[in-house]
Amino acid sequence: MSSSSRLLLNAALYGLGAFAIGFTFGVLRELVFIPRFGERTGHLLEFPLVTGCIVVFGWWLARLKGSRPSAALLFGVGGVGVLLAIESAFALGFLGMSLEDYLATFNLAQGALFPYALALMAIAPFLSAWSARR
């Protein structure tokens, strides 16, 4: 398998895995956290859990694949792209969110946390590969 094919496969695996983790925690948030603690607190409880699991998954995947730091950074960013494509299709298509409401989930001024999680997701494989080389 060529290195570019391996990179695309790793990015797809990372993005799909992150979506599965996020979906699982989203169900937990909607069925447990929000009814018990309220809307904002439910989101705040979920955020570190889902982000931490995705970061650990990216860290593990980079170690498993024995990625070089540069390749790990590329598949981390690619994984974010895959996640955003799936997330956008799910939110806009399946859930029927308006584009305005969906884009509000990225608005840091309104307290959105999702962009922070995406940044951590993008760099987690790189940090794993970099630390393994030290």
Side-chain angles (χ1 to χ4, degrees):
M1 180 181 289
S2 72
S3 62
S4 59
S5 296
R6 190 173 18 256
L7 179 69
L8 290 173
L9 182 63
N10 289 342
L13 179 61
Y14 191 31
L16 287 168
F19 181 78
I21 291 167
F23 187 86
T24 302
F25 276 97
V27 170
L28 181 67
R29 178 191 67 228
E30 295 298 319
L31 297 179
V32 177
F33 293 159
I34 290 176
R36 180 145 184 146
F37 302 108
E39 183 79 24
R40 185 67 180 156
T41 304
H43 283 277
L44 291 173
L45 286 172
E46 178 213 17
F47 176 74
L49 297 173
V50 69
T51 302
C53 286
I54 290 171
V55 165
V56 167
F57 177 59
W59 189 278
W60 172 81
L61 192 59
R63 291 285 170 102
L64 177 71
K65 302 295 183 172
S67 300
R68 293 180 331 275
S70 59
L73 181 60
L74 289 174
F75 93 67
V77 171
V80 169
V82 169
L83 174 63
L84 285 173
I86 297 168
E87 179 88 17
S88 298
F90 188 77
L92 298 171
F94 183 73
L95 295 178
M97 286 179 77
S98 71
L99 182 60
E100 183 180 347
D101 287 342
Y102 179 65
L103 293 177
T105 65
F106 296 91
N107 190 338
L108 296 174
Q110 293 180 357
L113 299 173
F114 193 43
Y116 296 113
L118 294 174
L120 290 170
M121 179 184 171
I123 64 169
F126 166 79
L127 293 174
S128 174
W130 177 76
S131 70
R133 301 278 183 201
R134 297 186 81 214

Nearest-0.5 Å distance, CD1 of residue Ile34 to NE2 of residue His43
4.0 Å
Is it the case that over 12 heavy atoms from other parts of the model lie below 6.0 angstrom from the CZ atom of Phe106?
yes
Membership question, hydrophobic clusters at under 4.5 Å side-chain separation (ILVMFWY): are Ile21 and Leu61 in the same one?
yes
Tyr14 and Leu83, any side-chain heavy atoms less than 4.5 Å apart
no
Atom CZ in Phe114, atom CG in Asn107: separation rounded to 0.5 Å?
14.0 Å
Might you point out which heavy atoms bring Ala104 and Gln110 nearest each other, and give the distance in Å?
CB-OE1, 3.7 Å
Decide whether Val27 and Phe47 are clustered together by the hydrophobic rule: side chain heavy atoms of Ile, Leu, Val, Met, Phe, Trp, Tyr closer than 4.5 Å, transitively.
no
How many angstroms lie between atom CG of Leu7 and atom CG of Leu9, to the nearest 0.5 angstrom?
9.5 Å
Flag if over 12 foreign heavy atoms under 6.0 Å of CZ, Phe23
no
Determine whether Ile86 and Val82 satisfy the following criterion, side chain to side chain contact (heavy atoms under 4.5 Å, CB included), listing intermediate values before the conclusion.
CA-CA 6 Å; Ile86 297 168; Val82 169; 3.9 Å; yes
Rounded to the nearest 0.5 Å, the CZ atom of Arg36 sits from the CG atom of Leu31 at a distance of 14.0 Å
Kindly work out whether a path of hydrophobic side-chain contacts (I/L/V/M/F/W/Y, heavy atoms less than 4.5 Å apart) joins Leu45 to Ile54.
yes
Hey, any chance Phe75 and Leu73 share a hydrophobic cluster, counting ILVMFWY side chains that come within less than 4.5 Å of each other, even indirectly?
no
How many angstroms lie between atom CD1 of Ile123 and atom OG of Ser128, to the nearest 0.5 angstrom?
12.0 Å
When you measure from the side chain of Thr51 to the backbone N and O of Pro48, does any donor-acceptor pair fall under 3.5 Å?
no
Is it the case that atom CZ in Arg63 sees more than 12 heavy atoms from other parts of the structure closer than 6.0 Å?
yes
List the steps, then state whether side chain to side chain contact (heavy atoms under 4.5 Å, CB included) holds for Asn10 with Leu74.
CA-CA 9 Å; Asn10 289 342; Leu74 289 174; over 6 Å; no
Residue pair Ala72 / Ala129: nearest heavy atoms and the distance that separates them:
CB-CB, 3.7 Å
Mutual orientation of the aromatic rings belonging to Phe33 and Phe37 [parallel < 30°, tilted 30-60°, perpendicular > 60°]:
tilted
Nearest heavy-atom contact between Ala18 and Phe57 is N-CE2, 4.3 Å
I need the Leu49 CG to Phe25 CZ distance, nearest 0.5 Å.
5.0 Å
Find out if a path of hydrophobic residues (ILVMFWY) with successive side-chain heavy-atom gaps under 4.5 Å connects Leu13 to Leu118.
yes
Identify the two heavy atoms, one from Leu92 and one from Met97, that lie closest to each other, and give their separation to 0.1 Å.
CD2-O, 3.5 Å
Kindly say whether the aromatic ring centers of Phe90 and Phe19 come within a distance under 6.0 Å.
yes
